[in-house]
Amino acid sequence: MPISLQSSYNSENSLWLKGNLHTHTTESDGRRAPQDVVDDYAARGYDFLMISDHDKLTQPSTVLSRGMTLIPGNEISAKGPHLLHVNAKTHIPPLEDRQKVLDLIAEEKSFSVINHPNWQDHYDHCPQEKLANWKGYSGIEIFNGVIRRLTGSEFATDRWDQLLGSGRRVWGFANDDSHDEQDVELGWNVVRAKDRSVESIVAALASGSFYASTGITLNRIEAYGRTVHVSAENAERMVVVTDFGKRLFHSDSNEVTFNVPPDCGYSYVRVEAYGGAEKNAWTQPFFIKR
């Protein structure tokens, strides 16, 4: 049966915008005031930012945006695994039943991201069973910057590939989880949005029209027929990954072209980019349509 790749990347009349969705201030356990945090990200050239203090909704109107698009949200933390409530309309309490939390977020047309699943010394802040059973969340953090200085792993592509290989369609996010200046610009998301409005950026994030990065800039992301092509201006190796983390191909250059075999049993392919000084980037999965 013929197959083709399904891509979520919008290609026409769109902007590439860089932003972070996981940021803390003195309104919870961060060390800097909200305006100081906004000023820092703006000075670094960010296009959008969400302040995500623990169990406290921050409205953009409470700070000066400094030219960035500010997204309302918070991190739901108490009584269970942490998750982001992105583009929050109301404050949703941290119910122990996280599925109820996810349902409430979905009801208000917002979306949720499960945070740092490999945090803590047991590498299991959020058990895989919960990730597999919960419904209605948009993605997980496949990179969380602050975990670099804590226990566990800042990476969670292993969790992501388990979900994707089991048939789930979830996106991979990279966020700072910044609590102090040292945590800023460690990981970010680059969306392909129609414009700089909250609505366009949130729609791009929710639909997977973005890539995640810790320092690699992707120049081109294409999927057509059975072929995927990705290039990056500062990568040294490009790797094609499929179900449950299986590596299919790599190119020791800053671009890769991969043709999906017509008789393969894969459900998706995605591309990882590697560069110097621990720099990475991850495309979202290209789902295989039969």
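Not measured: the values here are computed from a predicted model.
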Taking C-beta and beyond as the side chain, do I105 and I76 meet within less than 4.5 Å on heavy atoms?
yes
- Query: Counting N and O atoms only, with roles assigned by atom type, does the side chain of S200 sit under 3.5 Å from a partner on the main chain of S197, one being a donor and the other an acceptor?
  - Reply: no
Open item on the list: Surrounding NZ of K89 (heavy atoms of other residues, nucleotides or ligands, distance under 6.0 Å), is the total greater than 12?
Closed with: yes
* To do: Please check if the side chain of S213 supplies one atom and the backbone of I216 the other of a donor-acceptor pair under 3.5 Å.
  => yes
Next item on the list: Please answer: with hydrophobic residues joined when any side-chain heavy atoms are less than 4.5 Å apart, are V113 and L57 in the same cluster?
Entry: no
Does R270 make a cation-pi contact with F286 (under 6.0 Å, within 45 degrees of the axis)? no
Worksheet item: Is it the case that T151 and Y123 place a side-chain donor and acceptor less than 3.5 Å from each other?
Response: no
Without hydrogens or angle criteria, can the side chains of Q162 and D158 be said to hold a donor-acceptor pair below 3.5 Å?
no
Exercise. Would you say K135 and L102 make side-chain contact, with heavy atoms under 4.5 Å?
Worked result: no
>> Counting the benzene-type ring for Trp, do F210 and F173 have ring centres under 6.0 Å apart?
In response: yes
- Show your working on side chain to side chain donor-acceptor pair (under 3.5 Å) between Y274 and D252 and close with a plain yes or no. CA-CA 9 Å; Y274 294 81; D252 284 328; over 6 Å; no
Can I201 be reached from V38 by stepping across I, L, V, M, F, W or Y side chains whose heavy atoms are under 4.5 Å apart?
no
Practice problem: Indicate whether any N or O donor in one side chain lies under 3.5 Å from an N or O acceptor in the other, for D53 and N74. | Solution: no
Do the non-hydrogen side-chain atoms of I142 and F155 ever get within less than 4.5 Å of each other? no
Is a salt bridge present between D40 and R32, judged by a nitrogen-to-oxygen distance below 4.0 Å?
yes
I would like to know whether R149 and D183 meet salt bridge (charged side-chain N to carboxylate O under 4.0 Å, His left out); could you show each step before the answer?
-> CA-CA 9 Å; R149 60 181 178 86; D183 305 325; 2.8 Å; yes
Are side-chain N/O atoms of S28 and H54 paired as donor and acceptor at under 3.5 Å? no
Practice prompt. State, yes or no, whether a side-chain contact exists between P72 and N87 at a heavy-atom distance under 4.5 Å.
Written response: yes
Connected via hydrophobic side-chain network under 4.5 Å: Y137 and V86
yes
Would T214 and E278 count as having a side-chain donor-acceptor pair, cut-off 3.5 Å? no
Are I221 and W171 connected in a single hydrophobic cluster, I mean Ile/Leu/Val/Met/Phe/Trp/Tyr linked by side-chain heavy atoms less than 4.5 Å apart?
no
**Message:** Between R192 and S209, do the side chains contain a donor N or O and an acceptor N or O under 3.5 Å apart?
**Reply:** no
Checking D176, D177, L49, V146 against H22 for side-chain contact (heavy atoms from CB on, under 4.5 Å), the one that qualifies is D177
For H116 and H125, take the angle between the two ring planes, folded into 0 to 90°, and tell me which bin it lands in: parallel under 30, tilted 30 to 60, perpendicular over 60. perpendicular
Handout entry: Side-chain donor/acceptor of D39 to backbone N/O of P34, under 3.5 Å
Key = no
- How about I114 and L131: do any of their side-chain heavy atoms sit closer than 4.5 Å? yes
query: So, the side chain of Y211 versus the backbone of L218: is there a donor-acceptor pair under 3.5 Å, distance only?
result: yes
Looking only at heavy atoms, the pair that brings A232 and N219 closest together is C-OD1, 3.1 Å
The residue among E141, R159, E154 that forms side chain to side chain donor-acceptor pair (under 3.5 Å) with N118 is R159
Tell me whether D55 contacts the main-chain N or O of A78 through its side chain, where contact means a donor paired with an acceptor under 3.5 Å. yes
Would you confirm whether R31, through its side chain, and D180, through its main-chain N or O, come within 3.5 Å as a donor-acceptor pair? no
Residues passing the salt bridge (charged side-chain N to carboxylate O under 4.0 Å, His left out) test with E185, sequence neighbours excluded, are K18, R44
message: I'd like to know if the side chain of S267 and the backbone of G165 have a donor-acceptor N/O pair within less than 3.5 Å.
response: no
| said: Hydrophobic clustering (ILVMFWY, side-chain heavy atoms < 4.5 Å, transitive) - are V228 and I288 grouped together? | reply: yes
Side chain of S166, backbone of R168: donor and acceptor closer than 3.5 Å? no
Donor-acceptor side-chain pairing of E255 and S253 below 3.5 angstrom:
no
One should read off an interatomic distance between T283 OG1 and E222 CD, to the nearest 0.5 angstrom, of 13.0 Å
Checklist entry - Passes side chain to side chain donor-acceptor pair (under 3.5 Å), S110 versus E108? Steps please. => result CA-CA 6 Å; S110 303; E108 68 168 37; 2.8 Å; yes
Heavy-atom side-chain proximity of E233 to R220 below 4.5 angstrom: no
request  = Using modelled atom types only, decide if a donor and an acceptor are shared between the side chain of T69 and the backbone of R196 within a distance under 3.5 Å.
outcome  = yes
If you define the side chain from C-beta out and look only at heavy atoms, does anything of S178 sit under 4.5 Å from H24? no
The side-chain hydrogen bond (donor to acceptor under 3.5 Å, both in side chains) partners of H82 (sequence neighbours excluded) come to E75
> With side chains defined as the heavy atoms from C-beta onward, is the minimum distance between M50 and L70 less than 4.5 Å?
Replying inline: no
Residues joined to F244 in its hydrophobic cluster, side chain to side chain under 4.5 Å directly or through other members, sorted by chain and number, are none
When L17, N20, N175 are each screened for side-chain contact (heavy atoms from CB on, under 4.5 Å) with N189, the one that passes is N175
Query raised in the report: Backbone N or O of T217 within a donor-acceptor pair of the N234 side chain at under 3.5 Å?
Result: yes
